A.B. asks: 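Got a structure for you, questions after.
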Amino acid sequence: MTASLLWKRIWRHKIFYLFMLPGVIWFFLFSYVPLYGIQVAFRDFRFTGGFTGSPWAGLKYFHQFFDYYQSKEIIRNTILISGMKLCIGFLTPIVLAILLNEVRNVAFKKTVQTLSYLPYFVSWVVVVTLMQRLLSQYGGPVNNFLESIGLVNEPIQFLNNTSWFYQMIIGSDIWKNIGWNSIIYIAAIAGIDQQQYEAAKIDGAGRFKQIWHITLPGIRNIAVILFILATGSLMSAGYEQLLLLNGPATASIGSVLDVHVINAGIGSGRLSYAAAVGLFQSVIALILILTVNRVARKVSDVSLF
């Protein structure tokens, strides 16, 4: 397509491109302009010198991170928590979307959808505060209920306990995001041709067979795309949740890269070091997305590019 034809096509659909403009501006300002600051990771940043006036430091801060005695532990914790979130948190929205699609009572379906979306708009500060109140050892309703039905003899310390730490992290993450993440799958299921279900019913297929042979293949492509995108967060476990739920008792299994970057950059003022660790996360995330995208293209013919 020549440049003149391209511009004619853009001008013909100018209204649609106008709708895209706010999103493009947002991405440019908040995702591309900050790339200028990457150089901080390679400089001894001084506030008086700014980005360009600070002296070059080469890979000094990358070496500092990998020489740090807890760096392996932090990387391991990050991959473990992110991996569990990726595996469990990726499947649960698909299950919820399929179950909601099978519900025939519209009022009940809308109610469940609304209730599942609401936690997404609640901040992690509120979520963790609720968890502290509900799961408290001292008069918390969850422990009171478990004791009243005889499941436990004494209150369980759910928070700040290494035995329950991963369950709390994964459970709260699923509760907060399952509704929001299921929206795309619900939309994908709604786009499946209903005649396929009618034909399957005539052939005697039950609901399980309809899900297996029609619903799952119908959302396969969008699931692969979302999985490729989700692999980019394997080196990012989420700083808000871990910053609030992790404590001294769980530090050995709860210290992650995101919190390490926040503590180094804002807590200690080591901006160059924090930028170096953040850049390390971003490079690994890019490599993961490119690798998984390549594998997905070979295996399923579905890919981002």
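All values derive from a computational prediction rather than experimental measurement.
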A.B. asks: Starting at CH2 of W124, measure out to CG of L242 and round the result to the nearest 0.5 Å.
C.D. replies: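 These two atoms lie 9.0 Å from each other.
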A.B. asks: More than 12 heavy atoms of other residues, nucleotides or ligands under 6.0 Å from CG of L135: yes or no?
C.D. replies: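 Yes, because the 6.0 Å sphere around CG of L135 holds more than 12 heavy atoms from other groups.
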A.B. asks: Before giving the answer on side-chain contact (heavy atoms from CB on, under 4.5 Å), spell out for Y61 and F42 the whole-Å C-alpha distance, their side-chain angles and the decisive distance to 0.1 Å.
C.D. replies: CA-CA 7 Å; Y61 294 104; F42 304 96; over 6 Å; no
A.B. asks: Output, in order, the C-alpha distance, side-chain angles, deciding distance and verdict of side-chain contact (heavy atoms from CB on, under 4.5 Å) for Q210 and K201.
C.D. replies: CA-CA 8 Å; Q210 290 177 36; K201 287 178 186 175; 3.4 Å; yes
A.B. asks: Does the side chain to side chain donor-acceptor pair (under 3.5 Å) test come out yes or no for S182 and Y117, once each step is laid out?
C.D. replies: CA-CA 9 Å; S182 67; Y117 296 160; 5.1 Å; no
A.B. asks: Would you say that more than 12 heavy atoms from the other residues, nucleotides or ligands in this model lie under 6.0 Å from the OH of Y138, or not?
C.D. replies: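 No - once you tally the heavy atoms of other residues, nucleotides and ligands closer than 6.0 Å, there are 12 at most.
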A.B. asks: Taking the six-membered ring for Trp, are F45 and F51 parallel (under 30°), tilted (30 to 60°) or perpendicular (over 60°)?
C.D. replies: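 Geometry flag for F51 against F45: tilted rings.
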A.B. asks: Provide the closest heavy-atom pair for V256 versus I81 in the form atom of the first, atom of the second, distance.
C.D. replies: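 Nearest pair, atom of V256 first, then I81: CG1-CD1, 3.9 Å.
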A.B. asks: Let me confirm one number: the CD1-CG distance from I192 to N101, rounded to the nearest 0.5 Å.
C.D. replies: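 Reported value, rounded in 0.5 Å steps: 7.0 Å.
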A.B. asks: Hey, does the Lys NZ or Arg CZ of K14 hover above the aromatic six-ring of W11, less than 6.0 Å from the centre and inside 45° of the axis?
C.D. replies: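 Geometry flag: set, cation within 6.0 Å and 45°.
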A.B. asks: I need the minimum non-hydrogen distance between P93 and N181, along with the two atoms involved.
C.D. replies: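 So the minimum-distance heavy-atom pair works out to CG-CB, 3.6 Å.
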A.B. asks: Between CG of N77 and CD1 of I74, what distance do you get to the nearest 0.5 Å?
C.D. replies: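 The distance works out to 8.0 Å.
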A.B. asks: Kindly indicate, with the supporting measurements, whether the criterion side-chain contact (heavy atoms from CB on, under 4.5 Å) is fulfilled by I170 and K85.
C.D. replies: CA-CA 6 Å; I170 305 304; K85 283 185 177 181; 3.8 Å; yes
A.B. asks: Who are the side chain to side chain contact (heavy atoms under 4.5 Å, CB included) partners of I262, not counting sequence neighbours?
C.D. replies: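 With neighbours one apart ignored, the set is Y239, I266.
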A.B. asks: Would you say S172 and Q241 are linked by a side-chain donor-acceptor pair, where the criterion is simply a distance under 3.5 Å?
C.D. replies: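 Per modelled atom types, Q241 and S172 side chains form a pair under 3.5 Å.
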A.B. asks: Would you sort out whether I98 and L216 count as a side-chain contact (heavy atoms from CB on, under 4.5 Å), showing the intermediate values?
C.D. replies: CA-CA 9 Å; I98 291 173; L216 287 177; 3.6 Å; yes
A.B. asks: Parallel under 30°, tilted from 30 to 60°, perpendicular over 60°: which one fits the rings of H260 and Y68?
C.D. replies: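 The arrangement is parallel - the two ring planes meet at less than 30°.
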A.B. asks: At what distance, to the nearest 0.5 angstrom, does CD1 of I75 lie from CE of M235?
C.D. replies: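 Going from CD1 on I75 over to CE on M235, the span is 5.5 Å.
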A.B. asks: More than 12 heavy atoms of other residues, nucleotides or ligands under 6.0 Å from CZ of R133: is that the case?
C.D. replies: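 Atom CZ in R133 is not crowded, with 12 or fewer foreign heavy atoms closer than 6.0 Å.
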